[in-house]
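I have placed the structure first, in the form of structure tokens, so that the comments after it can refer back to it.
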Number of protein chains: 2
Amino acid sequence: MASYHHGSLRAALLAAAETILQREGINALTLRAAAREAGVSHTAPAHHFNDLAGLLSALAALGFSRLHDFARAEAGNVEIPDQLLAHARGYIAFARAHPELFKLMFRSERLDWDHPDLASAAAHAYSLLTPAAGERPAHIGHSQDALADTMARWSYVHGLAMLLIDGRLSAGVSMSPGADEDTLIADLIKRLQRLDGRGHR
Amino acid sequence: MASYHHGSLRAALLAAAETILQREGINALTLRAAAREAGVSHTAPAHHFNDLAGLLSALAALGFSRLHDFARAEAGNVEIPDQLLAHARGYIAFARAHPELFKLMFRSERLDWDHPDLASAAAHAYSLLTPAAGERPAHIGHSQDALADTMARWSYVHGLAMLLIDGRLSAGVSMSPGADEDTLIADLIKRLQRLDGRGHR
DNA sequence: GGATTATCTTTCCACTGTCTAGTTCATGTA
DNA sequence: TACATGAACTAGACAGTGGAAAGATAATCC
């Protein structure tokens with residue numbers, strides 16, 4: 001039963017890490033804890049992930065990949081012009097569904113952003129918020145305006161997700177009795193459209 | 001010279017902690033490192049801050065207090081209707097001026113948000129983004145709309161600050177040659193106004 | 001089949017947060 | 001002034017952590 005070689009230890013360690021993350025939070029997610037959960041010695045993870053930062057970065061990269069798929073799935077049922085909002089809804093839904101993983105992905109100071117897998121997975125996920133072909137039919141401006149649009153969208157969705165995972169939005173809603181959280185979030189997401197285009201005020 | 005009682009060790013430890021934070025980053029900011037920097041024994045901080053989380057939370061609370069003052073100072077030279085934008089400019093300027101402290105305040109999983117000082121300091125800073133008297137002259141809606149406005153502003157400014165401290169905005173700007181970073185940021189901040197009011201689309 | 005290499009274990013070290021017990025000093029009370 | 005009380009700080013110890021060897025095992029390639 002106890003084979004010296006695990007065979008797929010890397011995947012097993014990632015699964016173990018995610019289990020710990022959900023069960024005990026990010027502060028309990030250590031190299032040794034992941035090794036214990038996977039039933040291997042405490043130095044085994046180093047061979048696959050190098051560092052603790054390497055393990056966390058790999059898990060975060062996996063999270064970004066899932067986030068991307070989540071947003072794409074949400075956008076699958078929707079007409080082209082509404083895809084941006086669908087992607088934003090997917091982002092927010094993912095944040096609410098996997099708060100601990102989301103915190104790791106966005107708020108952790110332990111990640112190594114020089115890790116190529118993490119950087120590319122994050123860039124891939126964020127690419128959903130860039131102005132894509134067909135989404136901005138008429139007024140496709142200069143690339144500089146497009147950059148500003150992307151930044152604005154990115155900021156807004158990113159910030160909204162932050163508020164959600166910190167529980168501050170729930171706190172605010174509870175202070176305003178009668179407000180439905182889902183309705184409020186839907187309203188907030190819709191405002192994303194207003195950020196587009198360079199201002200003329 | 002070596003008096004047994006320091007007299008103002010709490011303040012000295014906070015200053016030491018900030019020094020370490022700027023010099024070596026948040027991962028090097030430990031209880032023992034702060035004690036070393038202040039020249040006291042490694043268990044001295046516990047008496048003033050209880051935990052490591054206590055020390056970091058106290059430092060973060062100090063950061064929120066400074067952030068508030070920063071934003072207020074920016075708004076001091078500006079007419080009433082533009083105060084919201086001035087506050088936002090202050091936020092962003094603070095984030096760019098003190099990136100490590102900003103990361104600690106917003107991105108650290110090591111803070112204890114049950115700590116009353118931290119919670120109140122953060123709430124105080126964020127109150128600058130709530131619709132205040134005189135700022136929304138005509139269409140002061142229901143309190144529920146006001147909540148949504150606050151959340152929207154908060155999300156946007158919060159998210160923009162995040163992008164900045166992660167260096168992603170700089171990366172984006174560098175990809176678009178000829179773009180001036182300050183100009184881009186100013187444009188992005190101006191878009192904050194468009195988020196107000198419940199959408200009718 | 002034999003050498004090579006990737007995978008995993010054992011042992012060890014410096015460092016961390018935190019507990020317990022002591023030491024020094026300031027301050028209030030008679 | 002004498003003394004008690006308690007706050008501020010030190011010293012030492014402990015378990016847990018990341019990480020660096022160095023060794024053991026198994027799969028793979030020739």
Side-chain angles (χ1 to χ4, degrees), chain A residues 1-21 23-60 104 108-115 117-118, chain B residues 1-21 23-60 100 104 108-115 118:
Chain A
M1 58 160 205
S3 69
Y4 200 94
H5 278 37
H6 187 284
S8 57
L9 183 55
R10 189 189 148 93
L13 283 170
L14 282 175
E18 193 174 359
T19 299
I20 296 169
L21 186 66
R23 196 176 53 205
E24 305 169 58
I26 187 173
N27 289 323
L29 178 45
T30 67
L31 276 179
R32 292 170 109 104
R36 272 194 301 270
E37 182 80 17
V40 293
S41 79
H42 69 269
T43 48
H47 197 270
H48 293 275
F49 301 104
N50 220 15
D51 267 324
L52 172 62
L55 170 62
L56 297 182
S57 298
L59 186 55
L104 172 67
S108 179
E109 61 262 19
R110 295 181 168 97
L111 298 183
D112 177 15
W113 284 97
D114 293 335
H115 199 306
D117 287 357
L118 175 57
Chain B
M1 56 159 205
S3 68
Y4 200 95
H5 277 40
H6 187 285
S8 56
L9 182 55
R10 190 190 147 92
L13 283 170
L14 282 175
E18 193 173 0
T19 299
I20 295 169
L21 186 65
R23 196 177 55 205
E24 306 168 58
I26 187 174
N27 289 323
L29 178 44
T30 66
L31 275 180
R32 292 170 110 105
R36 273 195 301 269
E37 182 79 18
V40 292
S41 80
H42 68 270
T43 48
H47 197 271
H48 294 275
F49 300 105
N50 219 16
D51 267 325
L52 171 62
L55 170 62
L56 298 181
S57 298
L59 186 56
E100 289 298 329
L104 172 66
S108 179
E109 61 262 20
R110 295 179 168 97
L111 298 182
D112 177 14
W113 284 97
D114 292 334
H115 199 307
L118 176 57

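Just so we're on the same page: letters track the sequence lines, and every chain starts at 1. Computed over heavy atoms, backbone and side chain alike; hydrogens, waters and symmetry mates excluded. In this text the structure is predicted, and so the values were computed from the model without any measurement.
Remark: C1' of C:dT16 and CZ of B:Arg36 are 10 Å apart, rounded to the nearest angstrom. Between the CG atom of A:Leu31 and the C1' atom of D:dT17 there is a distance of 9 Å, rounded to whole Å. Spacing between atom CG of B:Asn50 and atom P of D:dA7 amounts to 15 Å, rounded to whole angstrom units. Per the geometry, CD1 belonging to B:Ile20 stands 14 Å off C1' belonging to C:dT16, to the nearest Å. Rounded to an integer number of Å, the gap from B:Arg110 CZ to C:dG17 C1' is 12 Å. Distance CZ (B:Phe49) to P (C:dT18): 14 Å, rounded to an integer number of Å. Atom C1' of nucleotide D:dG16 and atom CD of A:Glu24 are separated by 14 Å, given to the nearest angstrom.
With the nearest nucleotide of DNA chain D identified for both A:Thr43 and A:Ala28, A:Ala28 has the one nearer the 5' end. Of the two residues near DNA chain C, B:Ala33 and A:Val40, the one whose nearest nucleotide lies more 5' is A:Val40.
Put simply, the side chain of B:Leu52 reaches to within 4.5 Å of the side chain of B:Leu56, judged on heavy atoms. Between A:Thr43 and A:Leu31, every side-chain heavy-atom pair lies at or beyond the 4.5 Å cut-off.
Distance from the side chain of A:Ser41 is smallest for C:dT10 among the nucleotides D:dC9, D:dG18, C:dT10. Comparing atom distances between the B:His48 side chain and each of D:dC9, D:dG18, C:dG17 picks out D:dC9 as nearest. Here the nucleotide nearest the side chain of A:Leu52, chosen from D:dG19, C:dT18, C:dC8, is D:dG19. Nearest nucleotide to the B:Ala44 side chain, out of D:dG19, D:dT10, C:dT18: D:dT10.
When all heavy atoms are compared, the tightest approach of A:Leu21 to A:Ile26 is CD1-CA, 3.7 Å.
Between B:Thr30 and C:dT16, a side-chain N or O to OP1/OP2 separation shorter than 4.0 Å is present. The phosphate of C:dT7 (OP1 or OP2) has a side-chain N or O of A:His47 nearer than 4.0 angstrom.
In this model, a side-chain donor or acceptor of A:His42 finds a partner on the base of D:dG19 within 3.5 Å. Between the base of D:dG18 and the side chain of A:Arg32 there is a donor-acceptor pair shorter than 3.5 Å.
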